[in-house]
Amino acid sequence: MSHQTEMILDQIDVVKLDISLWSSSKKLRPEDLVLADGSKLPPEELAYLGTKKTIDPDKLKGFNRIKKEAERICLECGVRFLGGFANPRHEIPRIIEALDQLAVEFTHEKDQFLKGYSDDTEDWILRHAEFGDAIRRALEPAASVAAKLRFDYVIFRVSAPKADEPVPLAKPAVASLDRKTKSLSEQLFREIAQEAKEMIERSFVGKTSVTARILNAFWRMRNKLDSLGFLDHRCMPVVDSMDSLLVALPRRGPYVGLDFNSLFSLGQLLSDPDKIKAHGQGLYQLYACALDDEEIADDQIIPAVSESIQPVTVCAEVIDSPEDDLADFEAFMADYLPDTEAINAYVVHSIPPENELVPEHLNSAGEETPTGVATTRDFWF
């Protein structure tokens with residue numbers, strides 16, 4: 001098994017939902033139909049009659065909603081894998097808490113449904129009195145329906161057989177697991193693209209503005225790429241580019257003009273898995289080149305500042321200058337007479353070589369200055 005596969009499997013757990021729903025659909029039989037004289041049905045090898053409902057389908061919508069919510073929770077930061085949903089290990093506590101809450105909700109929905117099951121079926125028969133007998137023949141007891149309504153889940157980790165274990169066909173098994181694990185990034189890009197495509201068709205096509213609610217969809221896709229960034233090196237550059245756009249947008253919509261076009265362009269990019277990969281690879285290479293340019297060569301030496309050099313304190317008087325300090329500069333220099341006494345008042349020190357003592361000097365007051373210390377009228381060069 002490759003190192004990449006081991007690294008991925010060490011960071012994921014698989015959540016497998018075990019949700020069973022009852023649809024109330026039963027096979028439609030010839031005796032259920034009222035045929036005109038001389039009419040006949042086609043043989044089954046040619047056409048099927050279809051199905052019939054034994055209860056109002058609206059009564060079952062609550063179960064379907066809970067199942068979709070469970071799948072959404074598992075897909076929020078995960079991808080489909082081995083019949084379940086591969087999620088980063090650190091996301092598992094959050095998923096468990098959310099699924100446990102849905103399990104309680106499912107149980108409550110089931111109890112309420114079974115309490116009204118008998119009355120609901122009778123009401124359905126009255127609404128379709130012409131086919132009442134056909135419905136009655138297909139009715140199931142409440143206990144049978146209860147057994148078919150189930151909400152559960154299991155969480156497991158995946159590992160390859162060890163080389164020293166006497167597992168038949170171990171090499172093909174490891175190879176297939178390696179292949180499936182490496183395909184997780186492709187599955188991630190496909191799922192992002194599918195969500196982005198549906199978002200564009202629903203919210204952008206034929207419109208010139210979108211509300212701030214559209215950002216929720218973009219943030220979901222961004223967070224999913226971020227959580228599963230270890231699957232593929234092309235994920236994080238795309239996340240960074242999404243951050244740059246989304247953070248720069250106003251907090252409140254509607255988004256029109258340039259903002260609308262920017263979001264539309266981002267949605268189009270995310271709606272194609274090949275474009276996501278190409279964009280991520282391009283940004284990744286750009287970042288890599290930038291890092292290479294910033295590296296310091298091994299033979300490049302940055303000299304350290306000698307500790308013997310002390311900072312200089314300069315007391316200066318602020319003088320208003322004309323707009324052009326160099327105006328008539330030559331004429332000024334021709335008439336300039338230096339003040340010899342003022343110049344002699346300044347002592348100029350040169351920086352001694354390292355480990356060499358600095359001789360003592362006199363400051364402007366004729367007093368000795370400690371070695372290495374400059375007064376407010378001394379300058380170090």
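Nothing fancy with the numbering, it's 1 onward along the sequence. Worth saying up front: this structure is predicted, and the values here are computed from it rather than measured.
- Lys110 places a side-chain N or O within 3.5 Å of a backbone atom of Leu149 that can act as its donor or acceptor partner.
- For the pair Ile192/Ile276, a side-chain contact is recorded, criterion being any heavy-atom separation below 4.5 Å from C-beta on.
- No side-chain heavy atom of Val14 sits less than 4.5 Å from a side-chain heavy atom of Phe85.
- Heavy atoms of other residues, nucleotides or ligands lying less than 6.0 angstrom from OH of Tyr284 number 12 at most.
- The backbone N or O of Lys53 lies less than 3.5 Å from a partner atom in the side chain of Trp124, making a donor-acceptor pair.
- The line from CD1 of Ile135 to CD of Glu130 is 10.5 Å long, rounded to the nearest 0.5 Å.
- In the hydrophobic cluster analysis, where Ile, Leu, Val, Met, Phe, Trp and Tyr join through side-chain heavy atoms closer than 4.5 angstrom, Ile19 is grouped apart from Val154.
- Side-chain contact between Arg234 and Lys277 is present, with at least one heavy-atom pair separated by less than 4.5 Å.
- In this structure, CD in Glu76 is found 7.5 Å from CG in Asn223, a value given to the nearest 0.5 Å.
- The cluster map of Ile, Leu, Val, Met, Phe, Trp and Tyr, joined by side-chain heavy atoms under 4.5 Å apart, puts Val256 and Leu245 in different clusters.
- Scanning both residues, Lys16 and Phe156, for their nearest heavy atoms gives CB-CE2, 4.0 Å.
- Connection of Val15 to Ile8 is not established within any shared hydrophobic cluster, with ILVMFWY side chains joined at heavy-atom distances below 4.5 Å, either directly or through further cluster members.
- Contact check on Lys68 versus Glu71 returns no salt bridge, with no Lys/Arg side-chain nitrogen under 4.0 Å from an Asp/Glu carboxylate oxygen.
- In this structure, Arg80 and Leu75 approach most closely via the heavy-atom pair NH2-CD1, 3.4 Å.
- The heavy-atom pair separating Val238 from Gly280 by the smallest distance is CG2-CA, 3.6 Å.
- Here the side chains of Cys235 and Phe230 are not in contact, with every heavy-atom distance at 4.5 Å or above.
- A heavy-atom distance below 4.5 Å is found between the side chains of Ile12 and Leu184.
- Side-chain atoms of Ser227 never come within 3.5 Å of backbone atoms of Lys224 as a donor-acceptor pair (strictly under, hydrogens ignored).
- With ring centers used as reference points, Phe264 lies under 6.0 Å from Phe204.
- Taken together through direct or relayed side-chain contacts under 4.5 Å among Ile, Leu, Val, Met, Phe, Trp and Tyr, Met242 and Leu258 form parts of separate hydrophobic clusters.
- If you check the side chains of Tyr153 and Asp100, you find a donor sitting under 3.5 Å from an acceptor.
- Separation of atoms CD1 (Ile55) and CG (Asp120) is listed at 4.5 Å; rounding is to 0.5 Å.
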Exercise for the section: Check the pair Arg137, Asp133 against salt bridge (Lys or Arg N to Asp or Glu O under 4.0 Å), reporting the backbone distance first and the verdict last. Expected result: CA-CA 6 Å; Arg137 283 194 296 267; Asp133 291 340; 5.3 Å; no
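- Listed for the Asn261 side chain is a donor-acceptor partner under 3.5 Å among the backbone atoms of Gly257.
- Electrostatic pairing of Asp178 and Lys182 counts as a salt bridge here, judged by a charged N lying under 4.0 Å from a carboxylate O.
- In summary, Arg220 and Glu195 engage in a salt bridge, as defined by a charged side-chain N under 4.0 Å from a carboxylate O.
- We find that Arg127 and Asp56 are joined by a salt bridge, their nearest charged nitrogen and carboxylate oxygen being less than 4.0 Å apart.
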Exercise for the section: Carefully, step by step, assess Ser159 and Leu9 under the rule side chain to side chain contact (heavy atoms under 4.5 Å, CB included). Expected result: CA-CA 7 Å; Ser159 61; Leu9 293 180; 5.8 Å; no
Exercise for the section: Could you go through the side chain to side chain donor-acceptor pair (under 3.5 Å) check for Glu198 and Gln194 one step at a time? Expected result: CA-CA 6 Å; Glu198 293 175 356; Gln194 181 62 31; 2.9 Å; yes
Handout entry: Glu140 and Lys148: CA distance, side-chain angles, deciding distance, side chain to side chain contact (heavy atoms under 4.5 Å, CB included) verdict
Key = CA-CA 11 Å; Glu140 284 190 65; Lys148 294 179 180 179; 3.0 Å; yes
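- The distance from the CZ atom of Phe218 to the CG atom of Leu249 is 9.0 Å, given to the nearest 0.5 Å.
- Environment of NZ in Lys59: sparse, with no more than 12 heavy atoms of neighbouring residues, nucleotides or ligands closer than 6.0 Å.
- Annotation: Phe151 is not in aromatic contact with Phe63 [ring centroid separation under 6.0 Å not met].
- Across all their heavy atoms, Leu99 and Ala70 have their closest contact at CD2-CB, 3.9 Å.
- Between Pro273 and Glu186, every side-chain heavy-atom pair lies at or beyond the 4.5 Å cut-off.
- Proximity of Leu139 to Ile125: side-chain heavy atoms (C-beta onward) are separated by under 4.5 Å at one or more points.
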Practice task
Let me see the working for Arg94 and Cys77 under side chain to side chain contact (heavy atoms under 4.5 Å, CB included), right down to the final yes or no.
Solution key: CA-CA 11 Å; Arg94 175 190 64 82; Cys77 295; 4.2 Å; yes
Practice task
Walk me through it: do Arg136 and Glu122 pass the test salt bridge (Lys or Arg N to Asp or Glu O under 4.0 Å)?
Solution key: CA-CA 9 Å; Arg136 288 187 185 280; Glu122 289 298 327; 3.1 Å; yes
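- When side chains are defined from C-beta on, Leu17 counts as touching Cys74, because their heavy atoms get closer than 4.5 Å.
- Look at Arg65 and Glu69 and you find no salt bridge, because none of the NZ, NE, NH1 or NH2 atoms lies under 4.0 Å from a carboxylate O.
- Note that CG of Asp232 is 8.0 Å distant from CD of Gln4, once rounded to the nearest 0.5 Å.
- Here the shortest heavy-atom pairing between Arg251 and Ala212 reads O-CB, 4.1 Å.
- Counting heavy atoms of neighbouring residues, nucleotides and ligands inside a 6.0 Å radius, atom NE2 of His233 exceeds 12 of them.
- Taking hydrophobic clusters as Ile, Leu, Val, Met, Phe, Trp and Tyr residues chained together by side-chain heavy-atom distances below 4.5 Å, Leu263 shares a cluster with Val205.
- Smallest separation of non-hydrogen atoms from Asp13 and Arg157: OD1-CG, 2.7 Å.
- Between the side chain of Thr121 and the backbone N or O of Ser118, at least one donor-acceptor pair lies under 3.5 Å.
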Handout entry: side chain to side chain contact (heavy atoms under 4.5 Å, CB included) assessment of Phe81 paired with Lys180
Key = CA-CA 8 Å; Phe81 181 58; Lys180 285 289 187 181; 4.1 Å; yes
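- Just one of Leu228, Val79, Leu231 meets the side chain to side chain contact (heavy atoms under 4.5 Å, CB included) condition when paired with Ser185; it is Leu231.
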Handout entry: Stepwise salt bridge (Lys or Arg N to Asp or Glu O under 4.0 Å) test for Lys115 and Asp111
Key = CA-CA 6 Å; Lys115 286 180 180 179; Asp111 292 341; over 6 Å; no
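- One distance of note links CG of Leu60 with CG of Leu21; it measures 8.5 Å at 0.5 Å rounding.
- One side chain, Gln187 or Glu191, offers a donor N or O that lies under 3.5 Å from an acceptor on the other.
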